[in-house]
Amino acid sequence: MGSVDGKVAFITGVARGQGRSHAIRLAREGANIIGIDICADIAANGYPMASRAELDETVELVERAGGKIVASVADVRVFDEVQSAVDAGVQQFGRLDIVLSNAGIAPLAFRQLTIEEELAQWRAVTAVNLDGAYHTAWATIPHLLAGNRGGSIVFTSSTAGIKGFGGLQGGGLGYAASKTGIVGLMRALANVLAPMSIRVNTVHPTAVNTMMANNPDMIDFLEKNPGAGPHMQNPMPVAQLEPEDISAAIAYLVSDEAKYVTGVTFPVDAGFCNKV
Ligand SMILES: NC(=O)c1ccc[n+]([C@@H]2O[C@H](COP(=O)([O-])OP(=O)(O)OC[C@H]3O[C@@H](n4cnc5c(N)ncnc54)[C@H](O)[C@@H]3O)[C@@H](O)[C@H]2O)c1
């Protein structure tokens, strides 16, 4: 018996990295999955987004873990695309219980940017990370309310949503601003949805072993700035967590074990946010 048997989870950014890991973990715990991914690159972001082949691989892995999945290509920046995907999935599975707003980007470019590039980075990162989180909430909350069984929403923020770092470029500043903005969205929703037993929380991972933390721009930055990259410096002896480490926290937060946990900023950060 899994911790979320018979429940249905909607997950954004499901084609690779943490989103894929969450889908596999929740499938193992008995959930069916509705998943979306953009499967196309974003111009202002220097590293590639997931591919259609990776989305197909997620489908295979979820099914191998014992779950059913409805996966489609949709961009969290476009509300109608998110809503259509959620509606189609709920139509298929008949309910919605869990929402993981996980899709995100972190545009970095360690060279002098033109003002157009600066603005493009800021706009891209806030559109995906913050507008996308709001779109995900807004497309899913009506289904959680209609089910009248409570529910759980988890937004993936970052240590950058708690501590003040992000460098001096549109991408890094927009990342910090969007990940902090998610906390405000979470807190307001947690209060307004508590009477309906819909819990809302954020997770704050330190660096995780995915494309976002290990792309050529990030590696270039770390090589040129030895000792930089404060997100890499955890008090505990680990440079990067694995996606499964974040999935473990998610599995707890969406389970009945956490039935009175709401409005919480939950670090999974090897002590990063607490360090002096
Ligand atoms: N990797 C880290 O070090 C780290 C640390 C803290 C927080 N996070 C956060 O974790 C979340 C997951 O990132 P990850 O580490 O798995 O990185 P990742 O780049 O491997 O995965 C992100 C996924 O989101 C998808 N995506 C991006 N833009 C999208 C859009 N507009 N619409 C739909 N899908 C979109 C990508 O295609 C990709 O599959 C992000 O919100 C990220 O900000 C990551």
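Atoms within a ligand are numbered from 1 in the order they appear, just like the ligands themselves. Any value given below was found using the heavy atoms of this structure, including those in side chains, with hydrogens, waters and symmetry copies removed.
- Residue Asn274 places its CG atom among 12 or fewer non-hydrogen atoms of other residues, nucleotides or ligands, all under 6.0 Å distant.
- Proximity of Glu54 to Arg20: side-chain heavy atoms (C-beta onward) are separated by under 4.5 Å at one or more points.
- With 3.5 Å as the limit, one finds a donor-acceptor pair spanning the side chains of Gln240 and Asn214.
- Set against the non-hydrogen atoms of Val128, the atoms of ligand 1 under 4.0 Å away are 28 (N), 31 (N).
- Among Ile182, Asp37, Ile42, the residue whose heavy atom lies closest to atom 37 (O) of ligand 1 is Asp37.
- Residues Ile98 and Ile250 form no side-chain contact, since every pair of their non-hydrogen atoms from C-beta on lies 4.5 Å or further apart.
- Of all the atoms in ligand 1, the ones that sit under 4.0 Å from a non-hydrogen atom of Gly13 are 23 (C), 24 (O), 25 (C).
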Side-chain donor-acceptor distances from residues 3-11 under 3.5 Å, at least two apart:
| unit_1 | atom_1 | unit_2 | atom_2 | d |
| --- | --- | --- | --- | --- |
| Ser3 | OG | Glu29 | OE1 | 3.0 |
| Asp5 | OD2 | Gly2 | N | 3.0 |

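- Between Ile38 and ligand 1, a contact under 3.5 Å exists for at least one N or O pair.
- The shortest heavy-atom distance from Ala207 to ligand 1 is under 4.0 Å.
- The distance from ligand 1 to the heavy atoms of Ala74 drops below 4.0 Å at these ligand atoms: 32 (N), 33 (C).
- Using a 4.0 Å cutoff on heavy atoms, His204 does not count as a contact of ligand 1.
- Of the heavy atoms in Glu54, none comes closer than 4.0 Å to ligand 1.
- Taking 4.5 Å as the limit, every side-chain heavy atom of Ile36 sits out of range of all side-chain heavy atoms of Leu55.
- Counting the atoms of ligand 1 from 1 in the order shown, those under 4.0 Å from a heavy atom of Met49 are 27 (C), 28 (N), 36 (C), 37 (O).
- Numbered from 1 in the order shown, with element, the atoms of ligand 1 that lie under 4.0 Å from a heavy atom of Tyr175 read 6 (C), 7 (C), 8 (N), 9 (C), 42 (C), 43 (O).
- With ligand atoms numbered from 1 in the order given, ligand 1 contributes 30 (C), 31 (N), 32 (N) to contacts under 4.0 Å with heavy atoms of Asp75.
- Between atom 7 (C) of ligand 1 and the options Ser157, Gly104, Ala213, the minimum heavy-atom separation is to Ser157.
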Ser247 and His22: side-chain hydrogen bond (donor to acceptor under 3.5 Å, both in side chains), yes or no, with the steps? CA-CA 5 Å; Ser247 302; His22 301 341; 2.8 Å; yes
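- With a 4.0 Å cut-off on non-hydrogen atoms, Thr210 touches ligand 1 through its side chain and not its backbone.
- Here Thr159 has no heavy atoms under 4.0 Å from ligand 1, in either its backbone or its side chain.
- Not a single N or O atom of Ala15, backbone or side chain, sits closer than 3.5 Å to an N or O atom of ligand 1.
- The atoms of ligand 1 that sit less than 4.0 Å from any heavy atom of Asn102 are 11 (C), 12 (C), 40 (C), 41 (O).
- Contact annotation: the side chain of Asp269 never approaches that of Asn234 to less than 4.5 Å [non-hydrogen atoms, C-beta and beyond].
- A heavy-atom distance below 4.5 Å is not found between the side chains of Val261 and Phe266.
- Considering backbone and side-chain atoms together, Gly17 places no N or O closer than 3.5 Å to any N or O of ligand 1.
- You'll find the side chain of Thr206 reaches within 4.5 Å of the side chain of Leu241, heavy atoms only.
- Ion pairing of Arg123 with Glu118 is absent here, as no side-chain N (NZ or NE/NH1/NH2) approaches a carboxylate O to less than 4.0 Å.
- Distances between N or O atoms of Ile105 and those of ligand 1 include no value under 3.5 Å.
- Using a 4.0 Å cutoff on heavy atoms, Val14 does not count as a contact of ligand 1.
- The closest approach between any non-hydrogen atom of Thr156 and ligand 1 is below 4.0 Å.
- Looking only at side-chain heavy atoms (C-beta outward), Leu193 and Arg199 stay at 4.5 Å or farther from each other.
- For the pair Arg16 and ligand 1, the shortest N or O to N or O distance falls below 3.5 Å.
- Side chain of Glu81 to backbone of Asp75: a donor-acceptor contact under 3.5 angstrom is found.
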